[in-house]
Amino acid sequence: MAPRAEIPAVREALLGWYREHRRDLPWRRSRDPYGVWVSEVMLQQTRVDTVVPYHRRFLERFPTVEALARAPEAEVLAVWSGLGYYRRARLLHQGARAVVERHAARVPDTFALLRALPGVGDYTAGAIGSIAYGLPVPVVDGNVERVLTRLHTLRGDPRASPGKSLLRALAARYAEHPAPGEVNQALMELGALVCAPSAPKCLLCPVKAHCGALAAGEPERYPEKRARAAPRPERWSALVATLDDKVWLVPSDLGRWTAMLLPPMVERDHTARQVVSSLGMSGIVRAVREAGAVTHVLTHASMRVKVFVGELLREPSRGELVARGALGGRAVPKVTLKVLEAALGVL
DNA sequence: TACGCGTGGTA
DNA sequence: TTACCAAGCGT
């Protein structure tokens, strides 16, 4: 099916708008492929405003791909702490090591070699390739998906085949241009600032004259994506055990926080007596009492965590005692901070 | 293909 | 408040 919108005309209007309205973002101030790579991984499923301070800190701490490759994973996770989707950090770290080993510490400049790096999928390979190296390759993220399905009135679920490959082919035609990185960023920027999921600002849109969905009076009908299941409720009990000014944390064996530091916790709705027994802490904690509850919502689960506090009688043989002031330098997810705050007051 | 993976912003 | 969902990836 031939798209209705004329691609060269849309692209020029889009580029003109982008030159005028592009946000001044840290990773747009240079084309350093490593800096672009870090930004693209951080931006996966994460808002720009959230990423900005993390990107700055990350590049201060790991200014080059070699510096990142040299670092222990725990340090990388510590800098990533709070950003979420921690597997991204592990894969970026593995990717940096792969670049040092396979490509003499130079971020590769072909789509295929980028795509072969850990944590780099079609989107990220396209973004690094087009933005850092000017390769005429497409990107299809949530923004591009929304902008192009609306412009070209593409029906059906764009995440399923054949919608996915049609969309990618269409985006590839937009990227056939001397400045593919600008075109790709312009498509994403329009999706972020104007062509929003709900209440799009069509009156301000530089390509409104070309938009099939607007002409039909139903821009919000697109994209026709499947609804996501609600997070399933989970009931947890956590025990915050203290020794002087330190708290006892253990490396998590949950997939979502593998090896990151959490208070001992169990997926049960327990009493104080039960949580001590269930966690095998009889004989090493005393004065255990309930200290409230916290809620932590993830994509696929909604955790309600009952928080218990107790005093350690001695140093445990596993896990580690961490001073409250030292949490900032460690690999600690938000749920740990929430539970500790409920147990101990403001950290 | 469908699911698991964090966190926070917005309506 | 609930629901959606944001510059996705790996399995």
Side-chain angles (χ1 to χ4, degrees), chain A residues 18 22-23 25-28 35-55 77 80-92 94-95 114-132 138-147 157-164 167-168 171 181 183-193 195-200 220 223 225-234 252 254-258 260 262 294-303 331-338:
Chain A
Y18 180 63
R22 70 200 295 262
R23 288 169 290 182
L25 301 172
W27 47 90
R28 286 183 176 159
V36 172
W37 182 12
V38 172
S39 76
E40 292 302 340
V41 174
M42 287 186 169
L43 286 162
Q44 290 166 10
Q45 300 289 285
T46 309
R47 302 179 118 75
V48 166
D49 290 347
T50 302
V51 167
V52 167
Y54 280 90
H55 186 266
L77 286 169
W80 202 275
S81 289
L83 193 56
Y85 282 141
Y86 298 99
R87 188 175 51 168
R88 294 181 298 174
R90 301 178 204 279
L91 293 173
L92 175 61
Q94 291 165 23
L114 288 165
R115 182 67 180 77
L117 295 171
V120 177
D122 285 341
Y123 166 78
T124 304
I128 300 170
S130 63
I131 296 169
V139 297
V140 180
D141 73 330
N143 290 305
V144 175
E145 171 188 288
R146 191 168 55 253
V147 168
D157 184 350
R159 308 260 166 134
S161 57
K164 198 168 161 183
L167 201 52
R168 187 168 174 77
V183 175
N184 287 339
Q185 291 184 88
L187 283 166
M188 293 190 282
E189 197 82 336
L190 187 77
L193 300 182
C195 195
S198 63
E220 293 184 58
K225 278 193 295 193
R226 290 190 115 94
R228 177 161 57 182
R232 83 178 162 276
E234 294 179 355
S252 173
L254 285 173
R256 59 188 76 143
W257 296 302
T258 303
M260 298 185 76
L262 276 76
V294 299
T295 299
H296 192 69
V297 182
L298 305 100
T299 306
H300 293 278
S302 177
M303 306 174 70
V332 167
K334 287 286 187 185
V335 70
T336 292
L337 301 180
K338 284 188 189 177

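Dashed line: the shortest gap from a side-chain N or O of H300(A) to OP1 or OP2 of dC3(B) is not under 4.0 Å. Contact between the side-chain N/O atoms of Y86(A) and the OP1/OP2 oxygens of dT7(B) is found at a separation under 4.0 Å. The side chain of W257(A) contributes an N or O atom lying less than 4.0 Å from OP1 or OP2 of dT7(B).
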*Could you encode protein contacts along nucleotides 6-11 of chain C as a string, one character per nucleotide from 5' to 3', using B for base contact, S for sugar-phosphate-only contact and - for no contact, with a heavy-atom cut-off of under 4.0 Å?*
BBBBS-

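Remark: L193(A) CG to R23(A) CZ distance equals 4.5 Å, nearest 0.5 Å. Taken from CE in M188(A) to CZ in R22(A), the straight-line distance is 11.5 Å, to the nearest 0.5 Å. S161(A) contributes atom OG, which lies 13.0 Å from atom CG of L167(A) (distance to the nearest 0.5 angstrom).
The distance between atom NE2 of H296(A) and atom C1' of dG8(B), rounded to the nearest whole Å, is 10 Å. Rounded to an integer number of Å, the gap from CD of E220(A) to P of dA11(B) is 12 Å. Atom pair M260(A):CE and dT7(B):P shows a separation of 8 Å (rounding to whole Å applied). For the pair M303(A) CE and dT7(B) P, the computed distance is 10 Å after rounding to whole Å. One can place CZ of R232(A) at 18 Å from P of dA2(B), the figure rounded to the nearest angstrom.
Counting heavy atoms from C-beta outward, L190(A) and N143(A) have side chains that stay 4.5 Å or more apart.
No engagement by V139(A) is indicated, since no non-hydrogen atom pair under 4.0 Å with the nucleic acid exists. Nucleic acid contact for S198(A): none, since no nucleic acid atom lies under 4.0 Å from a heavy atom of the residue.
Under the 3.5 Å distance criterion, with hydrogens and angles disregarded, a donor-acceptor pair is assigned to the side chains of Y123(A) and E40(A).
Sequence order on DNA chain B of the closest nucleotides to V332(A) and A160(A) puts A160(A) first from the 5' end. If you find the closest nucleotide of DNA chain B to A301(A) and to T50(A), the one lying nearer the 5' end belongs to A301(A).
Annotation: dA2(B) and dA7(C) have their C1' atoms spaced 23 Å apart (nearest Å). When the P atom is used for both dC9(C) and dG9(B), the distance is 24 Å, rounded to whole Å. dC3(B) and dC4(C) have their P atoms separated by 15 Å, with the value rounded to a whole Å.
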*asked:* Before you tell me yes or no, could you show the steps for Q45(A) and R88(A) under side chain to side chain contact (heavy atoms under 4.5 Å, CB included), namely the whole-Å CA-CA distance, both residues' side-chain angles and the distance that decides it to 0.1 Å?
replied: CA-CA 11 Å; Q45(A) 300 289 285; R88(A) 294 181 298 174; 5.6 Å; no

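Side chain of R168(A) to backbone of V140(A): no donor-acceptor contact under 3.5 angstrom is found.
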